[in-house]
Amino acid sequence: QVQLLESGGGLVQPGQSLRLSCAASASSSNRYAMAWFRQAPGKDREFVAAIRWTGGTTYYADSVKGRFAISSNNAKNTIYLQMNRLNAEDTAVYYCAYGPGIITSSVPLQSGYRYWGQGTQVTVSS
């Protein structure tokens, strides 16, 4: 069992930045990825970004490419999501996810992840 604890959400104005963190209680294997998904009110949960623990390959949704950056601290079993140039469309609950043994084609899919955090609210508003 892997527990995920997100932090860093909050209220910011358009154009500002925010950094989310997600700490995993343990790692169940070396071949896994961690990711961020988000869910806006009235919308389906969508993929935001992911990173492979081994090698550090990163993946991004087109909507955040160039604005968001995912990174990891392997020693702390923690990933981060640096979000820059935020806009109102980024308002959502952001969820951290952990996918042991995930294959590349499943990286942007919710079904590829076995463990989920509780979510942290990000609100972008003037």
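- Taking Glu46 as the reference, Arg38 meet the side chain to side chain donor-acceptor pair (under 3.5 Å) condition, with sequence neighbours excluded.
- Shortest non-hydrogen contact noted between Val2 and Ala24 is CG1-CB, 4.1 Å.
- Scanning both residues, Val124 and Leu86, for their nearest heavy atoms gives CG2-CB, 3.8 Å.
- With sequence neighbours excluded, the residues that form a salt bridge (charged side-chain N to carboxylate O under 4.0 Å, His left out) with Asp62 are Lys65.
- For Tyr113, the ring pair (Phe, Tyr, Trp, His ring centres under 6.0 Å) criterion is met by Phe37, not counting sequence neighbours.
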- Query: Going through the distances and angles, do Ile79 and Trp36 end up as a side-chain contact (heavy atoms from CB on, under 4.5 Å)?
  - Reply: CA-CA 9 Å; Ile79 63 168; Trp36 291 97; 3.4 Å; yes
- Task: Show your working on side-chain contact (heavy atoms from CB on, under 4.5 Å) between Leu109 and Phe47 and close with a plain yes or no.
- Result: CA-CA 7 Å; Leu109 305 178; Phe47 171 76; over 6 Å; no
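- Inter-residue side-chain proximity for Val107 and Arg52 is flagged as met; some heavy-atom pair is nearer than 4.5 Å.
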Could you give the side-chain donor-acceptor pairs of residues 10-21 under 3.5 Å, partners two or more places apart or in another chain?
{"from": "Gln16", "atom 1": "OE1", "to": "Gln13", "atom 2": "N", "distance (Å)": "3.0"}
{"from": "Ser17", "atom 1": "OG", "to": "Asn84", "atom 2": "OD1", "distance (Å)": "2.9"}

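- Taking both residues in full, the closest heavy atoms of Ala49 and Leu81 are given as CB-CD1, 4.1 Å, listed atom of the first, atom of the second, then distance.
- Residues meeting the side-chain contact (heavy atoms from CB on, under 4.5 Å) test with Gln121, sequence neighbours left out: Thr91, Val93, Thr123.
- Here the side chains of Met34 and Trp53 are in contact, with some heavy-atom distance below 4.5 Å.
- At least one side-chain heavy atom of Phe68 sits less than 4.5 Å from a side-chain heavy atom of Asp90.
- Summarising the geometry of Gly66 relative to Arg85, their closest heavy-atom pair is O-NH2, 3.5 Å, with the distance given to 0.1 Å.
- Ala40 is linked by a side-chain contact (heavy atoms from CB on, under 4.5 Å) to Lys43, Ala92, counting only residues two or more places apart in sequence or in another chain.
- For the pair Ile70 and Tyr59, the minimum side-chain heavy-atom distance is 4.5 Å or more.
- Listed by first and then second residue, the disulfide bond (SG atoms under 2.5 Å apart) pairs that reach into residues 63-125 are Cys22-Cys96, sequence neighbours excluded.
- With sequence neighbours excluded, the residues forming a side-chain contact (heavy atoms from CB on, under 4.5 Å) with Lys76 are Asn73, Thr78, Tyr80, listed by chain and number.
- Here the side chains of Gln39 and Asp44 are not in contact, with every heavy-atom distance at 4.5 Å or above.
- Scanning all heavy atoms of the two residues, the minimum distance from Val122 to Met83 falls at CG2-CE, 3.9 Å.
- Taking Arg45 as the reference, nothing meets the side chain to side chain donor-acceptor pair (under 3.5 Å) condition, with sequence neighbours excluded.
- Remark: Tyr95 pairs with no residue by the side chain to side chain donor-acceptor pair (under 3.5 Å) rule, at least two apart or across chains.
- Side-chain atoms of Gln82 do not come within 3.5 Å of backbone N or O of Ala69 as any donor-acceptor pair.
- For the side-chain contact (heavy atoms from CB on, under 4.5 Å) test, residues two or more places apart in sequence or in another chain that qualify with Ile103 are Ser105, Ser106.
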